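Chain identifiers are assigned alphabetically (A, B, ...) following the order of the sequence lines, protein sequences preceding nucleic acid strands; residue numbering begins at 1 within each chain. These figures come from a predicted structure and were not determined experimentally.
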There are 2 protein chains.
Amino acid sequence: MKIGELAKLTGCSVQSIRHYEKEKLLASLRRSDGNFRLYDSAKVDQLKFIKHCRSLDLSLAEIRQLIELNQQPGMGCEDVNRMIDSHIEQVALRINELQDLQDKLMALRNSCASQSTVKECGILQTLSVTQK
Amino acid sequence: MKIGELAKLTGCSVQSIRHYEKEKLLASLRRSDGNFRLYDSAKVDQLKFIKHCRSLDLSLAEIRQLIELNQQPGMGCEDVNRMIDSHIEQVALRINELQDLQDKLMALRNSCASQSTVKECGILQTLSVTQK
DNA sequence: CTTGACTCTATAGTTACCATAGAGTTTAGG
DNA sequence: CCTAAACTCTATGGTAACTATAGAGTCAAG
Ligand SMILES: [Zn+2]
Ligand SMILES: [Zn+2]
Ligand SMILES: [Zn+2]
Ligand SMILES: [Zn+2]
């Protein structure tokens, strides 16, 4: 199958697939006479794997690592676990950061009485005050 | 004062300051004979304003908009309020996304019994299964 | 045999910077 | 006075994971 069909079957864009190839995540089997990429059904599964990983926000570098690990079935999977644990930690950190940000934004928002002028806007005044 | 001193007083990097200038957020008053940027103390406050906004994750485009608004003291401040409201909404959305992601990552992590091999790793198996 | 749909490569853009190169400027010490 | 260190200048490339073009070539149907 050609790249367009692979894209349709997986819900990826054609450009993404070419991008994954450039990043060594998904090679096409071979090229047609006219230099079109050709794929088989195994590639559909591989691309779905990549897509699944991306939906969990794993980076392309990490996905590449998982693919490489997958090719060494006998090895222990501690690296996999470590990667996921590390991600969980990063996400938790980010959630906390955003929660702090949210609190600050709410406080800022409350400093403006609606229907004010720019000159008297509590938000702009607050933003002008040096933080602790 | 020269750019290095401004950087120290505000905690910004020299490159950031030059970047803000390129983005029309903070102009230097004038240049020295040797073409060095020169600033006065008002610029310290302006840069602190920018930094404060950045700490709230406002984009440079939005900060530019706030600076422009600030120069029209008589206008109503609805645009300011709208911008902050919109930000609060975006952040809330992002927190929800990350929370979903966190749940998925935790479930994924639980699918691996530690001390497993790559071949039997529940995480890799789960990732290989097509999502609903 | 032409037309439209598809594909190819290469390049620029996104965001807010950081890092570097190579050159010029300023300042303090010897 | 001169030199070396510290500072500054512009321009460029890199970051992440793509998206969106441009311009050219390929393929299938009518
Ligand atoms: Zn990661
Ligand atoms: Zn207001
Ligand atoms: Zn915004
Ligand atoms: Zn495992």
Side-chain angles (χ1 to χ4, degrees), chain A residues 1-39 43 47-67 83 86-87 90-91 94 97-98 101, chain B residues 1-39 43 47-67 83 86-87 90-91 94 97-98 101:
Chain A
M1 84 188 69
K2 287 184 291 185
I3 197 168
E5 194 180 346
L6 179 60
K8 248 176 215 149
L9 286 176
T10 57
C12 288
S13 75
V14 167
Q15 294 103 312
S16 294
I17 297 172
R18 288 198 278 242
H19 183 61
Y20 294 155
E21 177 174 318
K22 195 183 301 175
E23 296 292 326
K24 315 278 182 204
L25 292 182
L26 186 78
S28 73
L29 275 182
R30 54 200 180 80
R31 297 290 184 110
S32 73
D33 289 347
N35 199 33
F36 286 10
R37 290 171 180 84
L38 297 176
Y39 303 90
K43 297 298 174 184
L47 185 47
K48 282 182 178 170
F49 175 89
I50 293 171
K51 225 196 151 194
H52 194 166
C53 291
R54 286 294 301 138
S55 79
L56 296 170
D57 218 28
L58 295 172
S59 69
L60 299 192
E62 287 165 329
I63 298 171
R64 192 184 306 118
Q65 208 181 323
L66 286 179
I67 291 170
M83 185 185 295
S86 148
H87 254 282
Q90 302 281 320
V91 172
R94 187 66 186 139
E97 283 174 11
L98 287 178
L101 183 60
Chain B
M1 85 186 69
K2 287 182 290 185
I3 198 168
E5 194 178 346
L6 179 59
K8 248 175 213 152
L9 286 175
T10 57
C12 288
S13 75
V14 167
Q15 293 105 312
S16 294
I17 297 171
R18 288 197 280 241
H19 183 62
Y20 294 154
E21 178 175 319
K22 194 181 303 174
E23 297 291 325
K24 314 278 184 204
L25 292 183
L26 186 78
S28 73
L29 274 182
R30 51 196 181 84
R31 297 289 184 113
S32 72
D33 289 347
N35 199 33
F36 287 10
R37 289 171 179 84
L38 296 176
Y39 303 91
K43 297 298 175 182
L47 185 47
K48 282 181 178 170
F49 175 87
I50 293 171
K51 227 196 150 193
H52 196 165
C53 291
R54 285 294 301 139
S55 78
L56 297 171
D57 218 30
L58 295 173
S59 69
L60 299 192
E62 287 165 329
I63 298 170
R64 192 184 308 116
Q65 208 181 323
L66 286 179
I67 290 170
M83 185 186 295
S86 148
H87 254 283
Q90 303 280 320
V91 172
R94 187 68 186 138
E97 283 173 11
L98 286 179
L101 183 58

Using atom [atom1] of [X] as one end and atom [atom2] of [N] as the other, report the distance to the nearest whole Å.
X: Asp33(A); N: dC8(C); atom1: CG; atom2: P; answer: 14 Å
X: Arg64(B); N: dT15(C); atom1: CZ; atom2: P; answer: 10 Å
X: His19(B); N: dT15(C); atom1: NE2; atom2: C1'; answer: 8 Å
X: Glu23(A); N: dC18(D); atom1: CD; atom2: P; answer: 9 Å
X: Gln15(B); N: dT12(D); atom1: CD; atom2: C1'; answer: 13 Å
X: Leu25(A); N: dC18(D); atom1: CG; atom2: C1'; answer: 13 Å
X: Phe36(A); N: dC8(C); atom1: CZ; atom2: C1'; answer: 7 Å
X: Asp57(A); N: dA16(D); atom1: CG; atom2: P; answer: 13 Å

On DNA chain C, more 5' by nearest nucleotide between Ala61(B) and Lys22(A) is Lys22(A)
By nearest-nucleotide position on DNA chain C, the 5'-leaning member of Gly34(B) and Leu58(B) is Leu58(B)
Short side-chain N/O contact to [N] OP1/OP2 from [X], under 4.0 Å:
X: Ser13(B); N: dC18(C); result: yes
X: Arg37(A); N: dT7(C); result: no
X: Arg31(B); N: dT10(D); result: yes
X: Tyr20(B); N: dC17(C); result: yes

Quick note, Arg54(B) side chain, CB onward, closest among dC9(D), dC18(D), dC17(C) is dC17(C)
Side-chain atoms of Val14(B) come closest, of dT8(D), dA17(D), dC17(C), to dT8(D)
Can you establish whether the number of heavy atoms outside Arg30(B) located under 6.0 Å from its atom CZ is more than 12? no
Are [X] and [Y] side-chain neighbours, meaning at least one heavy-atom pair lies under 4.5 Å?
X: Val14(A); Y: Ile17(A); answer: no
X: Lys51(B); Y: Cys12(B); answer: yes
X: Phe36(A); Y: Ile3(A); answer: no

**Prompt:** What is the nucleic acid contact for Arg18(A), judged by heavy atoms within less than 4.0 Å: base, sugar-phosphate only, or nothing?
**Reply:** base
side-chain contact (heavy atoms from CB on, under 4.5 Å) with Glu5(B): of Lys8(B), Lys2(B), Met1(B), only one passes, and it is Met1(B)
